[in-house]
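By convention in this document, chain letters (A, B, ...) are assigned in the order of the sequence lines, proteins followed by strands, and residues within each chain are numbered from 1.
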Amino acid sequence: MLFNSYIFILLFLPLCLIGYFSLNHFKKYKLAMLFLLIMSLWFYGYFNYSYLLIILSSIIFNYFLYIGFQKIENKTKRKILLWIGIIFNIGLIFYFKYYNFFIQNINSIFKTDFNLKNILLPLGISFFTFQQLSFVIDSYKGEVPKYSFLDYACFVTYFPQLIAGPIVKHDELIPQFMDKEKRKFNWENFVKGIYIFTLGLSKKILIADIFGNAANYGFSNIGTLDTTNAIIIMLSYTIQIYFDFSGYCDMALGLGKMMNIDLPINFDSPYKSLTIIEFWKRWHITLTRFFTKYVYIPLGGNKKGKMRTYINIMIVFLLSGLWHGANYTFIIWGLLHGLFMVITRHCKKFFDKMHPALSWILTFGFINATWVIFRADTLHDAVRLLNRILKFNFGSIQYGIYNVFNLKEFIMIINAISPWIISNYPRILLVIFFILILIITLNCKSSYEKMKQFKPTYKKLITTIILLVWCILSFTEISTFLYFNF
Amino acid sequence: MNYKKFGILLIFTFLLGLIIASLVVIIIDPYFHYHKPLKNLNYKLETDYQRYINDGIVKHFDYDSIITGTSMTRNFKTSEFNDLFNVNSIKVPLLGAYYKEINELLINAFDSNKNIKYIVCSIDYYSFYRNKNEYAYDIDSYPRYIYNSNILDDYKYALNKEIIIKSLSTLKNKHSTTFDEYSNWGKRYKFGKQEVDKKYFRVKTKIVENGISYDDIKMLKDNINQNVISIIRDNPNTQFYLFYPPYSIYQWDYYNQTGQLNKYLQGEKIVTEMLLNYNNVHIFSFLDEYDVITNLENYMDNIHYSEDINSHILRCMKSRNHELTKKNYKDYYNKIIKYYTNYDYDSLFK
């Protein structure tokens with residue numbers, strides 16, 4: 001299921017909240033957890049019930065490993081269990097995500113002709129795999145207290161964070177499930193939760209999807225772009241991915257909050273970052289946390305000399321790139337970020353002395369350029385688009401791009417005020433969108449800050465209702481059939 | 001206010017907002033999903049939304065005859081058809097459609113209207129050799145929630161921003177689109193050799209024709225059987241007036257250059273033979289109107305003819321001129337196959 005769907009908001013969520021809090025009200029705590037587990041599985045299996053087989057097998061297998069760690073004290077046996085756990089979880093994600101990419105490369109290097117398989121990628125496998133990996137490793141280290149299978153299963157499948165993170169640690173979530181105080185419905189948390197969820201939904205539907213339409217158009221028509229349009233496309237994707245990810249993080253936060261659960265912060269106004277090091281402390285915070293604890297530090301972190309530190313950073317970013325997808329674009333994206341991280345660390349004095357504005361421009365420019373590589377279908381396409389920017393031929397913004405921003409509701413309102421505005425300045429909405437977004441990303445407080453400072457006023461009430469209704473009414477689109485030749 | 005009041009007001013007003021929004025759509029119903037046009041409002045019929053409104057039109061409007069088909073039928077005037085046949089007709093073209101899509105529209109029409117006297121429909125050449133279940137557009141782009149009779153998925157119609165906006169703008173319309181006007185492009189294009197030459201790109205080297213294969217014939221017959229014959233057979237009290245659209249000579253040059261000339265000429269004959277088995281069908285072919293087909297003043301590109309040709313087709317239907325019968329079709333196809341196979345296409349481009 002998706003958060004941005006009728007069925008989730010109008011059926012699933014009310015059912016879930018009513019069921020969960022009713023059962024808790026009658027002190028049926030275990031039943032409430034079972035209910036939550038079943039709802040989360042319904043959420044996950046909604047598109048494809050075979051996904052359930054995969055996630056349930058994965059959960060049961062990992063829980064057995066956990067029991068093994070609880071019972072077995074022999075160091076060698078524990079080590080074996082650990083490696084079984086690592087290989088199983090990585091193997092699972094390797095098969096579903098990377099098998100075809102791996103075979104394609106073998107085929108092209110060794111001129112073999114192995115068949116690709118028709119493998120459906122289970123939703124969120126990267127997230128629940130990493131979540132369980134961290135649990136397995138923590139179990140090995142003896143850092144995990146006694147949890148029942150129900151506790152563990154609820155932790156992994158918890159629907160707010162199942163599909164798109166954050167990557168939650170067991171000690172962040174399970175103790176909250178066990179907290180009896182949190183089992184009582186709380187209007188303040190519920191309201192704050194809806195507020196943040198609505199903000200997140202709006203970011204996805206009203207901002208990310210719109211800029212995404214422009215980006216999709218641009219990346220499918222790279223050959224038609226001059227410098228102006230190529231830059232607009234580059235910025236469009238930069239904006240899309242920001243609000244898409246930020247939106248999902250907010251929705252996850254909000255959903256958890258409605259149930260009195262505080263999920264970890266995953267996103268903190270990353271485009272405000274002055275350096276790339278700061279960027280990775282603000283973007284996908286829990287992923288950075290995972291790699292730091294389970295890869296960077298075990299490799300020695302920064303404790304084994306400068307050269308080793310830089311190598312460790314490159315390894316982490318290579319893995320990060322790979323984690324995002326099975327394509328060279330992701331690998332190169334990861335390596336470039338790793339490289340910039342290393343350079344920034346190495347030339348720390350130089351970057352510290354730099355004027356903040358210049359530092360911001362450099363960082364933001366780098367992020368933009370590398371997002372192009374991240375988004376493109378192939379490295380070739382990425383280079384083509386970046387080339388078009390460097391050609392310095394500035395023309396006017398294309399219809400296919402600016403028309404994306406001419407939403408019917410805005411046209412209707414503008415035409416009601418004055419019909420000649422749009423016909424004379426058809427690009428005006430694009431300009432307004434970009435300016436507004438720039439202001440929001442650079443000035444606004446992060447959603448977490450907003451949630452902390454929330455006060456239940458009429459202004460907030462009206463804003464929330466308008467945004468929520470507007471988003472829901474935007475779920476179904478009218479298809480445009482192209483009739484040019486008819 | 002306190003959080004509880006905020007929360008309750010939020011849920012209540014939010015649901016109220018959704019209910020009001022959906023009521024706007026259900027009452028005004030710009031795509032006629034629930035009822036025919038309200039008497040005191042003016043409804044636009046727009047070509048861009050044809051895949052959204054045609055279904056509602058056939059289900060809820062008052063009519064006893066239908067003109068349908070592809071872009072070849074856009075310029076038909078229902079007023080002319082009504083005068084000629086003394087009926088009350090609607091026109092629901094589906095641009096670029098293959099037979100399956102048109103068939104589904106007609107099935108919905110017959111389900112809703114038990115009193116259909118005439119169906120006028122184009123049998124387009126480009127749909128001959130298609131899989132019988134193929135659609136012209138990506139299958140996910142069709143609004144199934146409109147076509148099906150499942151009321152549970154209607155939230156996609158009622159809770160839909162664009163449709164709400166369309167409903168509100170319907171309140172301001174001053175004019176109801178007539179069926180003559182709906183999808184008509186009559187005067188908007190230029191005609192003649194110069195215009196057609198601008199849009200036609202001739203294949204440089206002529207491809208040798210392989211002729212019509214067994215698989216081609218099977219595909220064609222399956223296609224016609226499922227999507228044309230079945231509805232003719234199921235509705236013996238309805239008269240089907242079907243016609244092959246008179247493409248210009250440039251289109252026959254295209255078929256000739258790409259080695260498909262016989263495939264389409266023989267294909268037409270096969271379809272005609274199939275259709276002539278039913279006595280509630282009248283099939284019309286204009287390939288022997290050489291002076292019309294070779295006169296590019298009638299065309300704005302290689303296939304689209306002017307509204308005068310549409311009017312001419314309707315008059316022929318009334319007078320049964322150019323109708324193919326069991327008696328005359330064999331001679332007809334001998335004659336035209338010979339003509340189009342021997343035509344000097346190169347002379348068009350000197």
Side-chain angles (χ1 to χ4, degrees), chain A residues 5-7 9-11 13-14 17-18 185-195 197-198 201 205-206 257-258 407-413 415-416 454-486, chain B residues 1-22 25 31 47-52 70-72 74 93-97 136-138 140-143 145 153 155-166 168-169 172 183 185 199 301-304:
Chain A
S5 65
Y6 299 98
I7 190 173
I9 296 180
L10 299 176
L11 183 65
L13 193 56
L17 293 171
I18 293 172
F185 179 79
N186 179 300
W187 279 106
E188 179 172 347
N189 285 339
F190 175 71
V191 162
K192 285 184 174 174
I194 291 190
Y195 175 68
F197 177 83
T198 303
L201 185 65
I205 302 291
L206 304 176
K257 194 76 179 168
M258 286 188 224
L407 299 185
K408 293 219 161 52
E409 54 265 46
F410 294 145
I411 302 277
M412 184 172 78
I413 296 171
N415 279 341
F454 180 87
K455 292 274 181 294
T457 61
Y458 277 105
K459 187 168 159 215
K460 285 269 187 309
L461 179 67
I462 294 175
T463 313
T464 309
I465 293 171
I466 291 179
L467 285 175
L468 200 50
V469 169
W470 190 4
C471 284
I472 291 187
L473 297 179
S474 303
F475 284 161
T476 310
E477 286 183 353
I478 301 289
S479 314
T480 32
F481 296 89
L482 293 176
Y483 296 131
F484 300 144
N485 295 329
F486 307 112
Chain B
M1 70 183 113
N2 65 29
Y3 282 103
K4 182 169 177 181
K5 185 173 171 194
F6 187 104
I8 292 176
L9 268 179
L10 177 66
I11 295 174
F12 179 74
T13 319
F14 163 69
L15 288 175
L16 190 66
L18 290 186
I19 290 174
I20 293 176
S22 52
V25 174
Y31 296 164
T47 302
D48 280 347
Y49 298 96
Q50 64 189 255
R51 257 79 179 184
Y52 286 87
T70 65
S71 56
M72 297 282 112
R74 291 179 72 173
L94 288 170
L95 275 50
Y137 293 94
D138 173 28
D140 293 325
S141 55
Y142 292 101
Y145 56 90
D153 60 6
Y155 57 81
K156 293 185 190 172
Y157 179 67
L159 294 178
N160 188 319
K161 185 173 68 174
E162 250 198 82
I163 300 182
I164 294 169
I165 293 174
K166 186 66 74 179
L168 294 174
S169 66
K172 285 184 276 165
S183 207
W185 54 262
K199 295 165 193 162
D301 66 21
N302 43 317
I303 59 176
H304 289 100

**Q** Salt bridge check, A/Lys192 against A/Glu188: does any charged N sit closer than 4.0 Å to a carboxylate O?
**A**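 Salt bridge between A/Glu188 and A/Lys192, a charged N being under 4.0 Å from a carboxylate O: yes.
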**Q** Output all residues satisfying side-chain hydrogen bond (donor to acceptor under 3.5 Å, both in side chains) with A/Thr198, sequence neighbours left out; order by chain, then residue number.
**A**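 Expected list: none.
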**Q** With a 4.5 Å cut-off on heavy-atom pairs, point out which of B/Thr13, B/Asn2, B/Asp140 contacts chain A the most.
**A**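 Among the listed options, the one with the most contacts to chain A is B/Thr13.
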**Q** Could you walk me through whether B/Tyr145 and B/Asn160 pass the side chain to side chain contact (heavy atoms under 4.5 Å, CB included) check?
**A** CA-CA 12 Å; B/Tyr145 56 90; B/Asn160 188 319; 3.9 Å; yes
**Q** A/Leu201 and A/Ile9: side chain to side chain contact (heavy atoms under 4.5 Å, CB included), yes or no, with the steps?
**A** CA-CA 11 Å; A/Leu201 185 65; A/Ile9 296 180; 3.7 Å; yes
**Q** B/Lys5 versus chain A, heavy atoms under 4.5 Å apart: side chain, backbone, both or neither?
**A**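 For B/Lys5, the contact with chain A is made by the side chain alone.
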**Q** Counting only heavy atoms closer than 4.5 Å, note whether A/Phe454 contacts chain B via side chain, backbone, both or neither.
**A**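 Both backbone and side chain.
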**Q** Below 4.5 Å, heavy-atom pairs only: which of B/Ser141, B/Pro93, B/Gly7 has the largest tally toward chain A?
**A**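 Highest number of pairs under 4.5 Å: B/Ser141.
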**Q** Count the heavy-atom pairs under 4.5 Å between each of B/Tyr142, B/Phe14, B/Tyr157 and chain A, then report the option with the highest count.
**A**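 Max contact count across the listed options: B/Phe14.
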**Q** Taking only distance into account, with no hydrogens and no angle test, what donor-acceptor pairs under 3.5 Å do side-chain atoms of residues 464-478 of chain A form with protein atoms, sequence neighbours excluded?
**A**
from: A/Thr464; atom 1: OG1; to: A/Lys460; atom 2: O; distance (Å): 2.6
from: A/Trp470; atom 1: NE1; to: A/Glu409; atom 2: OE2; distance (Å): 2.8
from: A/Ser474; atom 1: OG; to: A/Trp470; atom 2: O; distance (Å): 2.8
from: A/Ser474; atom 1: OG; to: B/Lys161; atom 2: NZ; distance (Å): 3.1
from: A/Thr476; atom 1: OG1; to: A/Tyr6; atom 2: OH; distance (Å): 2.6

**Q** Given heavy-atom pairs under 4.5 angstrom as the criterion, report whether the side chain, backbone, both or neither of B/Ile8 touches chain A.
**A**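 The answer is both parts of B/Ile8.
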**Q** At their closest point, which heavy atom of B/Arg51 faces which heavy atom of B/Leu95, and how far apart are they?
**A**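 Minimum heavy-atom contact is NH1-O, 2.8 Å.
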**Q** Sort B/Tyr31 into side chain, backbone, both or neither according to what part of it lies under 4.5 angstrom from a heavy atom of chain A.
**A**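 Contact with chain A involves the side chain of B/Tyr31 alone.
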**Q** Between B/Gln50, B/Met1, B/Lys156, which shows the greatest number of heavy-atom pairs under 4.5 Å with chain A?
**A**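 When all of B/Gln50, B/Met1, B/Lys156 are compared, B/Met1 has the most.
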**Q** Should the ring pair A/Phe481 and B/Tyr137 be called parallel, tilted or perpendicular, given that the plane angle runs from 0 to 90° and is split at 30 and 60?
**A**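 The rings of A/Phe481 and B/Tyr137 stand perpendicular, inter-plane angle above 60°.
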**Q** Among the options A/Lys408, A/Lys455, A/Met412, pick out the one with the most heavy-atom pairs lying under 4.5 Å from chain B.
**A**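 Most heavy-atom pairs under 4.5 Å with chain B: A/Lys408.
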